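Below: one structure, written as structure tokens.
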Amino acid sequence: QVQLVESGGGSVQAGGSLRLSCVASGYTSNGVCMGWFRQSPGKEREGVAIIDGRDSMTYADSVKGRFTISRDSAKNSLYLQMDNLKPEDTAMYYCTLARVELCYGGLVWPARWDYSGQGTQVTVSS
């Protein structure tokens, strides 16, 4: 059974930083497409950042230059470093995994994504 467990969310003031973590179990995170999505109440889930099996990264325009996605295959983990946070970044953040090397679905949900975690809440106050 594949599980993705996120952690690291919290409440910060604008301009602050948070680091989200996602630990995968039941499936290797090495060499496959993984990503971070977010969803606010009343809005659709949107892609934030993805990393493919060749470690090529793609970011949403709204987070470029502020967020960094990375992985540690030895720990079967995915991370999202979020700097210079803004109130509009407030959302539930979800870790996702696709059982393919390349991220065919890109930043679109649900597209080709196979698994998603339960999410971790990020709240940014002004």
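These numbers come from a predicted model, not from an experiment.
Under a hydrophobic clustering in which Ile, Leu, Val, Met, Phe, Trp and Tyr are joined whenever their side-chain heavy atoms come within less than 4.5 Å, directly or via other members, I51 and Y27 fall into the same cluster. Hydrophobic clustering places L78 together with V63 (ILVMFWY residues linked when any side-chain heavy atoms are closer than 4.5 Å, directly or through intermediates).
Within the 3.5 Å criterion, the main-chain N or O of T123 finds no donor-acceptor partner in the side chain of T90.
In this view, T96 satisfies the side-chain hydrogen bond (donor to acceptor under 3.5 Å, both in side chains) rule with no residue, not counting sequence neighbours. Residues satisfying the side-chain contact (heavy atoms from CB on, under 4.5 Å) criterion with V108, sequence neighbours excluded, are A111. Y93 is linked by a side-chain hydrogen bond (donor to acceptor under 3.5 Å, both in side chains) to R38, counting only residues two or more places apart in sequence or in another chain. Residues forming a side-chain contact (heavy atoms from CB on, under 4.5 Å) with V5 (at least two apart in sequence, or on another chain): none. For E101, the side-chain hydrogen bond (donor to acceptor under 3.5 Å, both in side chains) partners at least two apart in sequence or on another chain are R54. In this structure, the salt bridge (Lys or Arg N to Asp or Glu O under 4.0 Å) partners of R99, at least two apart in sequence or on a different chain, are D114. Legend: residues meeting side-chain hydrogen bond (donor to acceptor under 3.5 Å, both in side chains) with S73, ordered by chain and number and at least two apart, are N30. Here K64 pairs with Y59, D61 under the side-chain contact (heavy atoms from CB on, under 4.5 Å) rule; sequence neighbours left out.
To the nearest 0.5 angstrom, S126 atom OG is 10.0 Å from E88 atom CD. Interatomic distance, Q121 CD to E6 CD, rounded to the nearest 0.5 Å: 12.0 Å. M34 CE to L4 CG: the interatomic distance, rounded to the nearest 0.5 Å, is 5.5 Å. Interatomic distance, L97 CG to S29 OG, rounded to the nearest 0.5 Å: 7.5 Å.
In plain terms, the two heavy atoms of S125 and P87 that are nearest each other are C-CG, 4.5 Å.
Among the candidates K86, M82, Q81, the single residue satisfying the side chain to side chain contact (heavy atoms under 4.5 Å, CB included) test with R66 is K86.
Within the structure, salt bridge (Lys or Arg N to Asp or Glu O under 4.0 Å) pairs that include any residue of residues 69-80 comprise D55-R71 (at least two apart or interchain).
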Evaluate W36 against I69 for side chain to side chain contact (heavy atoms under 4.5 Å, CB included), listing each step before the verdict. CA-CA 8 Å; W36 290 97; I69 189 171; 3.8 Å; yes

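In this structure the side chain of F67 reaches within 4.5 angstrom of the side chain of L85, judged on heavy atoms. When side chains are defined from C-beta on, D52 counts as touching C103, because their heavy atoms get closer than 4.5 Å. With contacts defined as side-chain heavy-atom distances shorter than 4.5 Å, the pair S116/R45 qualifies.
In the hydrophobic clustering (ILVMFWY side chains linked at under 4.5 Å, chained through shared members), L107 is joined by F37, I50, W109, W113. Taking Ile, Leu, Val, Met, Phe, Trp and Tyr as members and joining any whose side-chain heavy atoms lie under 4.5 Å apart, directly or through other members, the hydrophobic cluster of Y104 also contains V100, L102.
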Got a list of side-chain donor-acceptor pairs under 3.5 Å for residues 10-26, not counting sequence neighbours?
from : atom 1 : to  : atom 2 : distance (Å)
S17  : OG     : D83 : OD1    : 2.8

